[in-house]
Peer 1: 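Input: one structure, supplied below.
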Amino acid sequence: MPFNGTGVEPADPYVMRSHFCACFAYGGPCNDPNFDFAGRNRVAREWREVADNFVRGDYYPLTDYSIAANVWMAWQFNRPDAGHGVVQAFRRSESPGNASLLKLRGLNPSATYEIHRSDIEGVTRAGRGELTETGLKVSLPQRASAATVQYRRIP
């Protein structure tokens, strides 16, 4: 079973989400009065909610791999056994587009899914193959930003 880990210092959600994997830690100069405990803890709670997917989920790249600064990168970890998963999407620093349409994989096309976006309150629903055929729309108005999107099949 592949297992890896990483640590990160900056509290920037783009940087922290870029380090999400099976084992995750953050640090930094704790004696600095400007140390952002709240921001780091918020992203760490987000990681705890999705970390199990990184170990037990099926991995699907949702965009072509690139190191270019003008593209989006996105991938999915899907747990068909549990009926849920997570999508991570990154708008790179020079990407001109503020939204990406990502066709998810491994989902039941006849099921309805509840969708929770980490930086947006509330949940939405998608069904009848919307996530696999039309795609999940992820909007990131700011360049060099990232989104974590969780989905769960509704019985």
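FYI, side chains are in, hydrogens and waters are out, and symmetry mates aren't considered; it's all heavy atoms of this structure. Here, residue 1 is the first one in the sequence, and each next residue gets the next number.
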Peer 1: Hey, does V50 have a side-chain heavy atom less than 4.5 Å from the side chain of Q150?
Peer 2: yes
Peer 1: Nearest heavy-atom pair of V138 and A147: which atoms, and what distance?
Peer 2: CG1-CB, 3.8 Å
Peer 1: Check this for me: D64, atom CG, are more than 12 non-hydrogen atoms of other residues, nucleotides or ligands nearer than 6.0 Å?
Peer 2: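 Atom CG in D64 is not crowded, with 12 or fewer foreign heavy atoms closer than 6.0 Å.
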Peer 1: Examine V43 and W47 and state if one hydrophobic cluster contains both, with Ile, Leu, Val, Met, Phe, Trp and Tyr joined whenever side-chain heavy atoms are less than 4.5 Å apart.
Peer 2: yes
Peer 1: Please determine, by modelled atom types, if T63 and W72 share a side-chain donor-acceptor pair under 3.5 angstrom.
Peer 2: no
Peer 1: Does L104 reach the side chain of Y60, with side-chain heavy atoms less than 4.5 Å apart?
Peer 2: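 Not in contact.
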Peer 1: Below 4.0 angstrom, N of the basic side chain to O of the carboxylate: do D36 and R42 qualify?
Peer 2: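 Answer for the salt bridge query: no.
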Peer 1: What is the minimum heavy-atom distance between K137 and A99, and which atoms define it?
Peer 2: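 Taking K137 first and A99 second, the nearest heavy atoms are CE-CB, 3.8 Å.
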Peer 1: For N70 and S95, indicate whether the former's side chain and the latter's backbone hold a donor-acceptor pair under 3.5 Å.
Peer 2: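 No, N70 side chain to S95 backbone: no donor-acceptor pair under 3.5 Å.
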Peer 1: Is the gap between the ring centers of W75 and Y65 under 6.0 Å?
Peer 2: no
Peer 1: Take the angle between the ring planes of F77 and F54 and call it parallel below 30°, perpendicular above 60°, tilted in between.
Peer 2: perpendicular
Peer 1: Could you state the interatomic distance from CG (L131) to CG (L102), rounded to the nearest 0.5 Å?
Peer 2: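 It is 10.5 Å, given to the nearest 0.5 Å.
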Peer 1: Can you confirm whether Q76 sits close enough to Y59 that some side-chain heavy atom of one is under 4.5 Å from a side-chain heavy atom of the other?
Peer 2: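 Side chain of Q76 against side chain of Y59, heavy atoms only: no contact under 4.5 Å found.
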Peer 1: Assign the ring pair Y113 / Y151 to parallel, tilted or perpendicular, where the plane angle (0 to 90°) is split at 30° and 60°.
Peer 2: perpendicular
Peer 1: May I ask you to test the R92-R143 pair for a side-chain heavy-atom distance under 4.5 Å?
Peer 2: no
Peer 1: Supply the atom-to-atom distance Q142 CD to N98 CG, rounded to the nearest 0.5 angstrom.
Peer 2: 12.0 Å
Peer 1: Quick check: are there more than 12 heavy atoms from other residues, nucleotides or ligands sitting under 6.0 Å from CZ of R56?
Peer 2: no
Peer 1: Mind running salt bridge (charged side-chain N to carboxylate O under 4.0 Å, His left out) on D58 and R105 for me, showing each step along the way?
Peer 2: CA-CA 9 Å; D58 297 334; R105 305 204 13 224; over 6 Å; no
Peer 1: Heavy atoms only: give me the nearest P96-R91 pair and the separation to one decimal.
Peer 2: O-NH2, 3.5 Å
Peer 1: Minimum heavy-atom separation for G85 to N53, with atom names?
Peer 2: CA-OD1, 3.6 Å
Peer 1: Can you find a heavy atom in the side chain of S66 that is under 4.5 Å from one in the side chain of V71?
Peer 2: yes
Peer 1: State, yes or no, whether a side-chain contact exists between R17 and E46 at a heavy-atom distance under 4.5 Å.
Peer 2: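 Heavy-atom side-chain distance check passes, below 4.5 Å.
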Peer 1: To the nearest 0.5 Å, what is the distance between CD on E130 and OG1 on T124?
Peer 2: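 Going from the CD atom of E130 to the OG1 atom of T124 covers 8.5 Å.
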Peer 1: Could you state the interatomic distance from OG (S139) to CD1 (I120), rounded to the nearest 0.5 Å?
Peer 2: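 The distance works out to 7.5 Å.
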Peer 1: Do S118 and V149 touch side chain to side chain, with heavy atoms closer than 4.5 Å?
Peer 2: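 No; the side chains remain at least 4.5 Å from each other.
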Peer 1: Roughly how far, to the nearest 0.5 Å, is the OG1 atom of T112 from the CZ atom of R152?
Peer 2: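 Rounded to the nearest 0.5 Å, the CZ-OG1 separation comes to 15.0 Å.
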Peer 1: Can you tell if the side chain of T132 reaches within under 4.5 Å of the side chain of N108, non-hydrogen atoms only?
Peer 2: no
Peer 1: Nearest 0.5 angstrom please: Q88 CD to T148 OG1, how far?
Peer 2: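 Between Q88 CD and T148 OG1, I get 5.5 Å after rounding to 0.5 Å.
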Peer 1: Using the rule side chain to side chain contact (heavy atoms under 4.5 Å, CB included), only one of L136, V87, V123 pairs with R117; which is it?
Peer 2: L136
